[in-house]
Amino acid sequence: MDRDGPRIKLRLEYDAPLVLGPGKAELLRLIAELGSISAAGRRMGMSYKRAWSLVEEMNAAFAQPLVDSSRGGAGGGGATVTPTGQRVLHHYDALERLLREGGAADLAAIGALMKESGA
């Protein structure tokens, strides 16, 4: 265990089919920050094709798209996280906080049962 303590990686599995986990949440955050699917994918070390595939998967699973994109060209393309996408991120982050804060005692108890490392 590192000195910062355990990390929680929330992974939500829906029948849509959709898995919403830390990777897709980070992709949405980076698209919101950078305004580009390709730039967000590059920042995460993935190809544009992979990033676009993840965006399409998320958009197809929700009643409203999470990302709105426009094609490139002379004026350049771009992407924005829609209000629905912002709400999904808000709720995902709230669940992570709930687990981290509400589960602190359980995380510590599990950590106390682990072997010592680096001895």
Side-chain angles (χ1 to χ4, degrees):
M1 194 164 42
D2 65 45
R3 57 194 139 101
D4 293 331
R7 291 174 303 280
I8 291 178
K9 292 186 178 184
L10 179 62
R11 180 180 164 102
L12 306 172
E13 297 183 11
Y14 291 92
D15 291 336
L18 174 75
V19 174
L20 184 61
K24 287 182 182 138
E26 182 65 9
L27 182 61
L28 285 174
R29 281 188 203 95
L30 288 171
I31 291 169
E33 176 187 331
L34 302 171
S36 164
I37 295 170
S38 60
R42 274 194 306 276
R43 174 86 57 93
M44 293 180 71
M46 71 175 71
S47 70
Y48 173 76
K49 182 178 179 178
R50 176 71 178 140
W52 181 249
S53 172
L54 293 174
V55 166
E56 284 183 319
E57 181 182 325
M58 289 186 284
N59 280 350
F62 286 90
Q64 299 291 321
L66 304 190
V67 175
D68 185 29
S69 64
S70 60
R71 286 210 175 285
T80 58
V81 175
T82 66
T84 301
Q86 292 169 3
R87 287 196 304 273
V88 166
L89 267 178
H90 169 79
H91 292 301
Y92 182 88
D93 291 342
L95 283 169
E96 276 193 326
R97 257 189 322 281
L98 179 69
L99 287 170
R100 207 172 33 252
E101 294 166 4
D106 293 313
L107 287 170
I110 292 169
L113 298 170
M114 298 181 77
K115 290 182 181 180
E116 293 286 327
S117 63

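Because the structure is a prediction, the values reported are computed rather than measured.
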Interatomic spacing from OG1 in Thr84 to CZ in Phe62 - rounded to 0.5 Å: 9.0 Å

Quick one: NZ on Lys9 to CG on Leu99, what's the gap to the nearest 0.5 Å? 14.5 Å

To the closest 0.5 Å, what do you measure between CG (Asn59) and CG (Leu54)? 11.0 Å

Shortest non-hydrogen contact between Leu18 and Ala61, atoms and distance: CB-CB, 3.8 Å

Salt bridge present between Glu26 and Lys24 (N-O < 4.0 angstrom): no

Taking CD in Gln86 as the centre, count heavy atoms belonging to other residues, nucleotides or ligands within less than 6.0 Å. Is the count above 12? yes

According to side-chain contact (heavy atoms from CB on, under 4.5 Å), who are the partners of Ala25, at least two apart in sequence or on a separate chain? Arg29, Leu89, Tyr92

Closest contact, heavy atoms only, Ala79 versus Ile37: CB-CG1, 3.7 Å

Quick one: closest heavy-atom pair of Met44 and Gly23, and the distance? CE-O, 3.4 Å

The complete set of side chain to side chain donor-acceptor pair (under 3.5 Å) pairs with one or both residues in residues 99-111, sequence neighbours excluded, reads none

How long is the straight-line distance from CD1 of Ile8 back to CG of Leu98, given to the nearest 0.5 Å? 9.0 Å

Please evaluate residues Leu66 and Ile31 with respect to the criterion side-chain contact (heavy atoms from CB on, under 4.5 Å), reporting the C-alpha separation (whole Å), side-chain torsions for both, the decisive distance (0.1 Å), and the verdict. CA-CA 10 Å; Leu66 304 190; Ile31 291 169; over 6 Å; no

What's the spacing between Trp52 CH2 and Ser38 OG if we round to 0.5 Å? 11.0 Å

Could you walk me through whether Leu28 and Val67 pass side-chain contact (heavy atoms from CB on, under 4.5 Å), step by step? CA-CA 8 Å; Leu28 285 174; Val67 175; 3.5 Å; yes

Whether the side chain of Thr82 engages the backbone of Pro65 through a donor-acceptor N/O pair (distance < 3.5 Å, no angle test) should be reported. yes

Determine the minimum heavy-atom distance between Gly41 and Leu27, stating which atoms define it. N-CD1, 4.2 Å

